Amino acid sequence: MTLKRNLSPIDFGVMSMTGKSEPRRLRVLVAGGGIAGQALAFWLARGGHHVTVVERHPALRATGAQVDLRGQGIEAVERMGLLGAVRGKLVDEAGVAFVDARGRARATIMANTSGRGRQTLTSEYEIMRGDLVRILHDATKDDAEYVFGKSVDGFEQDEREVVAHFSDGSFGAFDLLVGADGQGSRIRRAILPEGADPYWRTGIHMAYWFVPRIASDSNIRDTYMAPGGRQIMRRSHSPSETQAYFVLREESREASAVHRAPVERQQEFWAARFRDAGWQAGRFIESMGESPFFYSQEVVQVRTDTWSRGRVVLAGDAAHCASPYSGMGISGGLVGAHVLAGEINRHPDDLPAALAGYDTALRPFADEIQGQVDPRLLRLMLPETRAAIGTVLAASALASFLRVPDLVARWSKEDRGGAWRLPEDPAPLGAVPARPRP
Ligand SMILES: Cc1cc2nc3c(=O)[nH]c(=O)nc-3n(C[C@H](O)[C@H](O)[C@H](O)COP(=O)(O)OP(=O)(O)OC[C@H]3O[C@@H](n4cnc5c(N)ncnc54)[C@H](O)[C@@H]3O)c2cc1C
């Protein structure tokens with residue numbers, strides 16, 4: 001297909017004062033201003049490219065619950081020079097307790113703060129997603145152009161450019177379109193063969209929201225198992241707020257569809273499923289409607305062999321969502337952005353080589369973090385019967401008494417991303433970021 005051309009000086013390599021040809025500056029459109037989209041903007045802007053981030057939400061989507069950085073994700077943030085900023089916003093979570101219906105801790109696994117080995121269930125780097133989104137935004141907002149309240153609804157491409165169509169009816173031409181549009185990516189749908197299903201389903205659903213903190217909410221995360229494959233978690237991130245999580249094992253069309261329903265319908269669904277769950281279920285259901293934030297999702301992984309087509313490439317969850325159970329959702333997005341930007345910055349004149357390099361370099365890491373989610377273990381942690389819950393609690397209590405999780409963590413050689421190493425930085429240090437064009 002031949003597209004209407006929109007040539008601009010940044011279409012071509014520029015001759016410098018010394019007469020040397022400078023690397024090509026690409027016009028890159030990033031769909032999605034979440035974690036991966038902003039991390040990509042960070043590195044691409046440092047590579048001298050003109051980056052536009054289009055986010056469908058009307059403002060920076062600095063919301064979400066508590067997330068963690070692990071393994072290569074910590075290094076990715078360090079390479080951006082943002083680890084100090086992250087440290088300044090860490091949530092104080094000392095460990096995880098498995099509690100019974102009366103709230104008594106039967107087993108407790110503390111965070112590994114020894115600086116050795118791997119992280120336990122609680123990472124050394126626990127942070128609210130909103131804080132991390134803001135940190136990334138502060139680090140990129142002067143070097144990339146941000147457009148809020150507009151989504152990328154479609155595109156067409158030829159060998160010279162990709163033309164993106166936006167929700168307000170406007171369109172624009174770019175050298176590259178990146179779909180950093182999350183787990184349900186629309187851009188992924190457009191590049192995958194018709195009817196392809198990229199989801200690997202766990203049969204587990206999750207909802208989380210905030211409730212007022214009460215005196216008994218400590219800095220240890222509580223996990224409670226209820227019969228029927230249900231789990232409730234409580235963790236507190238501020239003097240006034242506590243996070244409530246409901247987790248449900250259910251393979252039904254209703255459960256899979258509810259996440260796309262209006263929030264009120266989602267809340268009815270979760271309240272109905274958990275009303276008789278015991279422990280603090282009543283408290284959490286009561287405050288659901290007043291929460292400033294509510295998120296409901298099916299726990300899936302995105303597994304697809306297709307990460308790019310022509311001038312369109314996927315990043316973050318859109319490409320390789322590993323699910324919250326991997327503990328590497330955020331880290332995966334940061335690492336993937338680092339690798340993709342590195343390949344683009346190395347081959348600005350040869351996008352096919354850059355996108356092939358991205359696939360080759362990142363695939364082993366994506367496979368590693370996805371492969372660590374074991375459906376049998378997930379089923380074990382969401383038992384059906386009271387007897388099975390009793391067994392899991394007794395086994396956890398024994399392991400915790402013998403300090404098994406602690407010792408395993410300290411003596412592990414690798415964290416969750418395995419032996420895979422983050423490649424060199426996408427741009428040499430000291431490279432001057434490109435200013436966005438009006
Ligand atoms: C509001 C929110 C809350 C979250 N809370 C948690 C949490 O508490 N715990 C957790 O583990 N994970 C959470 N996640 C998921 C987590 O952020 C990701 O798993 C991970 O960070 C990978 O990031 P990502 O940038 O690939 O995707 P995301 O962080 O999901 O970001 C995708 C972004 O793309 C935008 N978008 C989608 N479609 C379009 C489009 N067509 N055009 C333009 N923009 C588009 C979305 O609004 C979103 O801002 C949350 C995600 C969101 C959006």
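Counting starts at 1 for both ligands and their atoms, following the listed order. All values reported here derive from a predicted model rather than from experimental measurement. When a residue number appears, it is its place in the shown sequence, counting from 1.
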Compute the shortest N/O to N/O distance between [X] and ligand 1 and return yes if it is under 3.5 Å, no if not.
| X | result |
| --- | --- |
| Gln66 | no |
| Ala31 | no |
| Ile35 | yes |

Using 4.0 Å as the upper bound for N to carboxylate O, is an ion pair formed by Glu161 and Arg27?
yes

Should the pair Glu250-Arg273 be classified as a salt bridge under the 4.0 Å nitrogen-to-oxygen rule?
yes

Nearest-contact summary for [atom] - protein heavy atom, Å:
| atom | result |
| --- | --- |
| atom 47 (O) of ligand 1 | Glu55 OE2, 2.6 Å |
| atom 38 (N) of ligand 1 | Asp181 CB, 3.4 Å |
| atom 31 (O) of ligand 1 | Gly34 CA, 3.6 Å |
| atom 44 (N) of ligand 1 | Arg56 N, 3.2 Å |
| atom 41 (N) of ligand 1 | Val152 O, 3.2 Å |
| atom 26 (O) of ligand 1 | Asp317 N, 2.8 Å |
| atom 21 (O) of ligand 1 | Ile330 CD1, 3.0 Å |
| atom 27 (O) of ligand 1 | Gly182 CA, 3.7 Å |

Under 4.0 Å from a heavy atom of [X]: give me the atoms of ligand 1 that qualify, with their elements.
| X | result |
| --- | --- |
| Ser151 | 40 (C), 41 (N), 42 (N), 43 (C) |
| Gly64 | 3 (C), 5 (N), 8 (O) |
| Thr63 | 1 (C) |
| Gly316 | 26 (O) |
| Val54 | 43 (C), 44 (N) |

Just so I know, are the side chains of His338 and Asp425 near enough to count as touching, which here means a heavy-atom distance under 4.5 Å?
yes

What I'd like to find out is whether the side chain of Tyr146 reaches to under 4.5 Å of the side chain of His137, using heavy atoms alone.
yes

Gly333: heavy atom below 4.0 Å from ligand 1, yes or no?
no

Examine ligand 1 and decide if any of its atoms is less than 4.0 Å from a heavy atom belonging to Arg61.
yes

Have a look at [options] and point out the one with the heavy atom closest to [atom].
| atom | options | value |
| --- | --- | --- |
| atom 32 (C) of ligand 1 | Ala180, Gly32, Gly332 | Ala180 |
| atom 53 (C) of ligand 1 | Arg129, Gln38, His320, Gln297 | Arg129 |
| atom 7 (C) of ligand 1 | Tyr295, Tyr245, Tyr208, Phe166 | Tyr208 |
| atom 25 (O) of ligand 1 | Ala36, Ser326, Gly329, Gly33 | Ala36 |

For [X] and [Y], take the angle between the two ring planes, folded into 0 to 90°, and tell me which bin it lands in: parallel under 30, tilted 30 to 60, perpendicular over 60.
| X | Y | value |
| --- | --- | --- |
| Phe365 | Trp420 | tilted |
| Phe293 | Phe210 | tilted |
| Tyr224 | Trp279 | tilted |

Does any N or O in the side chain of [X] come within less than 3.5 Å of the main-chain N or O of [Y], such that one atom is a donor and the other an acceptor?
| X | Y | answer |
| --- | --- | --- |
| Gln243 | Gln66 | yes |
| Gln280 | Ile232 | no |
| Ser151 | Asp153 | no |

Inter-residue atom distance Glu75.CD - Met80.CE, 0.5 Å rounding
13.0 Å

Could you tell me if Gln297 and His205 have a donor-acceptor pair between their side chains, going purely by distance under 3.5 Å?
no

Assess the side chains of Arg221 and Thr223: does a donor N or O sit below 3.5 Å from an acceptor N or O?
no

Ligand 1 versus Val67, non-hydrogen atoms closer than 4.0 Å: side chain, backbone, both, neither?
side chain

If you count the non-hydrogen atoms of other residues, nucleotides and ligands that lie under 6.0 Å from NZ in Lys89, is the total more than 12?
no

